[in-house]
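Pasting in a structure now, in structure tokens, and then I'll have a few things to ask.
Atom set for the values below is all heavy atoms of this structure, side chains included, hydrogens, waters and symmetry mates excluded.
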There are 2 protein chains.
Amino acid sequence: MPEDREVTIYDIAKYLNLSAATVSRGLNDNPMISKTTRKKIVDAAKSLGYQSNTFASSLRSKQTHTLGVLVPRLNSHFMSSVLAGMEDVANRHGYNLIIAQSLEDVEKEKLNAATMFNKRVDGLLISLSYNTKEITHLDPFFQRKIPVVFFDRVPPHNESTSIVINNFSAAYAITKHLIEQGCSRIMHLGGNVLRNVYQERLNGYQQALRDYNLPFIEQFHLTSTLSEQAGTDAARYILDLPPEERPDAVFSANDTAAVYCMLALKAEGLRIPEDVAFAGFNNDPISRVIEPNLTTIDYPGDIVGNTAATNIINHLKGLSNLYTTNSITLRADLVIRASSLKTNYKN
Amino acid sequence: MPEDREVTIYDIAKYLNLSAATVSRGLNDNPMISKTTRKKIVDAAKSLGYQSNTFASSLRSKQTHTLGVLVPRLNSHFMSSVLAGMEDVANRHGYNLIIAQSLEDVEKEKLNAATMFNKRVDGLLISLSYNTKEITHLDPFFQRKIPVVFFDRVPPHNESTSIVINNFSAAYAITKHLIEQGCSRIMHLGGNVLRNVYQERLNGYQQALRDYNLPFIEQFHLTSTLSEQAGTDAARYILDLPPEERPDAVFSANDTAAVYCMLALKAEGLRIPEDVAFAGFNNDPISRVIEPNLTTIDYPGDIVGNTAATNIINHLKGLSNLYTTNSITLRADLVIRASSLKTNYKN
DNA sequence: TTGTAGGCGTTATCAC
DNA sequence: GTGATAACGCCTACAA
């Protein structure tokens, strides 16, 4: 009758007339073990079909080699690039990823954070939900000095490391570019300013307007979820304005809204960029498919993921003090494409 | 001096003059516990800052409430939809996801499978890498009767459940549609036929040709990784043919290759669908941005993920016998868009 | 309804 | 180099 018990280091120990302690050491490449015994142990483990039990180990060693990743949504191009970048680094260093999504809901974020804490992740990588106002739900992590790294949507002030881009200057650069193309009535499709990224993009846009002595037109600032629908709605909004009151450019805080706005305007016969120039944000694949191709900011998700994971792992390995670095700003370049090149069409 | 020890159920027990067993039961909503003691326990837990330790629990109960997810790549629209769907279901049922990518490499797939086994995931959800030929690396799971559910890229014959769509009939339908639009020289951009999905799409395409008495033209079957570059290359290939030898339609096994092929052909002045009609596969966001919009097969990733996760969780909860159902085929509808509507342009 | 005791599989701390 | 032993934090018979 086949016992359904796990094969443990005790089985190996008995099999080889060794102690469990020695087997454990042999399996963990402990330098105190002689080459020969180690080989015997490894061979025996293989032939007995031994598979180490990670939590028994975790329980003792207090290390799970698992990182928690908590994001608003999994299914966006940006976020999946981030995850891919994180997974790659983590895997290389022997860490696994537990991934959960808050679906833009603080309550779910709190629940997930608690679960991850209970699973004793060695570190937490997190991008905040749409309506997260404070981060006391992360206190358990702070108290136990479990490293937390924020990325993309980060909290206002905090002790932890944040991986970000300079949203302000990116938005400034893109607005400046539109202005230099001769645009003076630039509309902005923005997101919820509770989230730093959208607030900063709005700020950059406004600062550029100020610097070039252009008025900030209140009704040219639309706030939405930046969905496809929001893009289409923005187009409707524009079309409903008398032609002379319409914007001559649109800067959207993401590519999705920009693209769907463009599509809707094109469908109504407006020419891009002649009638309305366009710029987006993220460098999503759709920005290179829409015609004309969309000017945007290259926000490199994989590098964000890589950097965040590398940073937290370095800290875990004691290679760096988390509290030395407070924030890492990655570059995010302006990618100029046809949708904003009004110049060509001037004579 | 603040002890850095964890708060355990023993601390709660001592605090309340109860036994650890009672505390454990109270925390787990064991019905044998009186309302009052339970409340005392829960309150004490909160005030002492108790956080349950999942793996101490797992070690005992042999349940991790964690599902392993192993995919070729994280960063595609389809896969991130799948993951989002899985996460949603899993979360709702109290399960977590450990996610890893094989990067299309069997060796990495083996390594990741072993890690997940060692982490004692309660179940494994897997889509095979590009070059996985056999699945003996999953034997540990089979032996210990840990449920494995395959999705999208599934192995040829196996005992486990597979979540798939009918790739054959989808490809057949799309090819038939192109034929009915009057196309007779249909090119197929395919993937590696080692993977069932690409083999079946090829089969469906060929069967449709046969049924309509159209010849299968060998040089109209291109195999590639279906990347953007592959799409562009295919366009070059077409343009290098003498005009009269060119295809009058292209059916690509994914949208990416289709879209980049379209873009390159359009850039050279070919009209779509008049000169070449197009159809893709997946219903990726880019298919609704390219002009004309791309006819494609709606392959609903979120539903795949939902179904896979639901299926494995039902099994874990004993709500279904995994070995009753061998395969679940989801519907994947043909979405007809302008890129294939040649009819309109005939007189 | 609550308590006692033993063990899940591993690793750390001593010894030898 | 290797062995014995005691934790790690929790759960679950069994007893009371």
Side-chain angles (χ1 to χ4, degrees), chain A residues 3-42 44-45 48-66 115 117-122 140 144, chain B residues 3-42 44-45 48-66 115 117-122 140 144:
Chain A
E3 272 288 353
D4 200 30
R5 234 176 38 75
E6 300 207 0
V7 178
T8 74
I9 52 172
Y10 279 92
D11 299 319
I12 301 178
K14 201 174 301 173
Y15 181 75
L16 293 175
N17 275 319
L18 286 171
S19 75
T22 306
V23 174
S24 171
R25 289 193 267 254
L27 259 16
N28 290 304
D29 289 326
N30 185 310
M32 302 194 293
I33 296 293
S34 75
K35 280 241 179 270
T36 50
T37 31
R38 185 197 320 295
K39 181 155 170 37
K40 276 201 296 186
I41 292 170
V42 172
L48 293 181
Y50 168 79
Q51 301 276 159
S52 80
N53 184 324
T54 310
F55 9 95
S57 163
S58 295
L59 179 59
R60 205 47 248 250
S61 65
K62 304 208 174 292
Q63 289 219 10
T64 55
H65 287 280
T66 299
T115 311
F117 183 89
N118 288 350
K119 295 230 169 181
R120 298 296 190 273
V121 295
D122 287 346
R144 290 201 69 85
Chain B
E3 272 288 349
D4 199 28
R5 232 175 40 75
E6 298 206 0
V7 178
T8 73
I9 52 172
Y10 282 91
D11 299 320
I12 301 177
K14 201 174 299 170
Y15 181 74
L16 293 176
N17 274 320
L18 284 172
S19 76
T22 306
V23 174
S24 170
R25 289 191 268 254
L27 259 15
N28 290 304
D29 287 328
N30 186 312
M32 302 192 293
I33 296 293
S34 75
K35 281 243 180 266
T36 50
T37 29
R38 189 202 316 299
K39 177 151 172 46
K40 277 201 296 188
I41 291 170
V42 172
L48 292 181
Y50 169 79
Q51 301 279 157
S52 81
N53 184 323
T54 310
F55 33 87
S57 161
S58 294
L59 181 58
R60 225 17 271 246
S61 65
K62 305 212 174 288
Q63 289 221 10
T64 56
H65 287 280
T66 299
T115 312
F117 184 87
N118 289 348
K119 295 230 169 178
R120 298 295 188 274
V121 294
D122 287 346
R144 290 202 70 84

Summary of side-chain hydrogen bond (donor to acceptor under 3.5 Å, both in side chains) pairs that have at least one residue in residues 30-40 of chain B, sequence neighbours excluded: B:S34-B:T36, B:S34-B:T37, B:K39-B:D43

- request: Indicate whether OP1 or OP2 belonging to C:dT4 is found under 4.0 Å from a side-chain N or O atom of B:S19.
  value: no

- request: Report the distance from atom NZ of A:K62 to atom CZ of A:R120, rounding to the nearest 0.5 Å.
  value: 8.0 Å

field: Set of ring pair (Phe, Tyr, Trp, His ring centres under 6.0 Å) partners for B:F117, sequence neighbours left out
entry: B:F141

query: Looking at five pairs on each end of the helix from C:dT1-D:dA16 to C:dC16-D:dG1, what is the angle between the two axes, given to 10 degrees?
result: 30°

- prompt: Going by distance alone, is a donor N or O of one side chain under 3.5 Å from an acceptor N or O of the other, for A:T64 and A:D122?
  reply: yes

message: What is the first contacted nucleotide of DNA chain D and what is the last, in 5' to 3' order, if contact means an atom lying under 4.0 angstrom from a heavy atom of chain B?
response: D:dG9 to D:dA13

task: Check every strand shown and say whether A:D11 touches a base, only sugar-phosphate, or nothing at a heavy-atom separation below 4.0 Å.
output: nothing

field: Exercise: identify the closest heavy-atom pair between B:I33 and B:G26
entry: CG1-N, 4.0 Å

- prompt: Quick one: side chain to side chain donor-acceptor pair (under 3.5 Å) partners of A:S58, sequence neighbours excluded?
  reply: none

Distance-minimising heavy-atom pair for A:I9 and A:A20: CD1-O, 3.8 Å

task: Check whether any side-chain heavy atom of B:N53 lies under 4.5 Å from a side-chain heavy atom of A:N118, and answer yes or no.
output: no

Side-chain donor-acceptor pair present, B:K119, A:T66, cut-off under 3.5 Å: yes

- prompt: A:R25 CZ to C:dT11 P: how many Å, rounded?
  reply: 11 Å

N/O to N/O distances under 3.5 Å, protein versus nucleotides 5-9 of chain C:
unit_1, atom_1, unit_2, atom_2, d
C:dG6, N2, B:R60, NH1, 2.3
C:dG7, N2, B:R60, NE, 3.4
C:dG7, N2, B:R60, NH1, 2.9
C:dG7, N3, B:R60, NH1, 3.3
C:dC8, O3', B:K62, NZ, 3.3
C:dG9, OP1, B:K62, NZ, 3.4
C:dG9, N2, A:A56, O, 3.3

query: Taking only side-chain nitrogens and oxygens of A:S61, does any of them come within less than 4.0 Å of OP1 or OP2 of C:dT10?
result: no

- prompt: Between B:V7 and B:D11, which heavy-atom pair has the shortest distance, and what is it?
  reply: CA-OD2, 3.3 Å

query: What nucleic acid atoms does A:S58 come within less than 4.0 Å of, heavy atoms only: base, sugar-phosphate, or nothing?
result: nothing

- prompt: When the distance from CD1 of A:I41 to P of C:dT11 is rounded to whole Å, what number comes out?
  reply: 12 Å

field: Any A:S24 side-chain nitrogen or oxygen under 4.0 Å from OP1 or OP2 of C:dT10
entry: no

query: So what does A:N118 hit on the nucleic acid, given a heavy-atom distance under 4.0 Å: a base, only sugar-phosphate, or nothing?
result: nothing

query: Do A:S57 and A:T54 get their side chains close enough for a donor-acceptor pair, meaning under 3.5 Å?
result: no

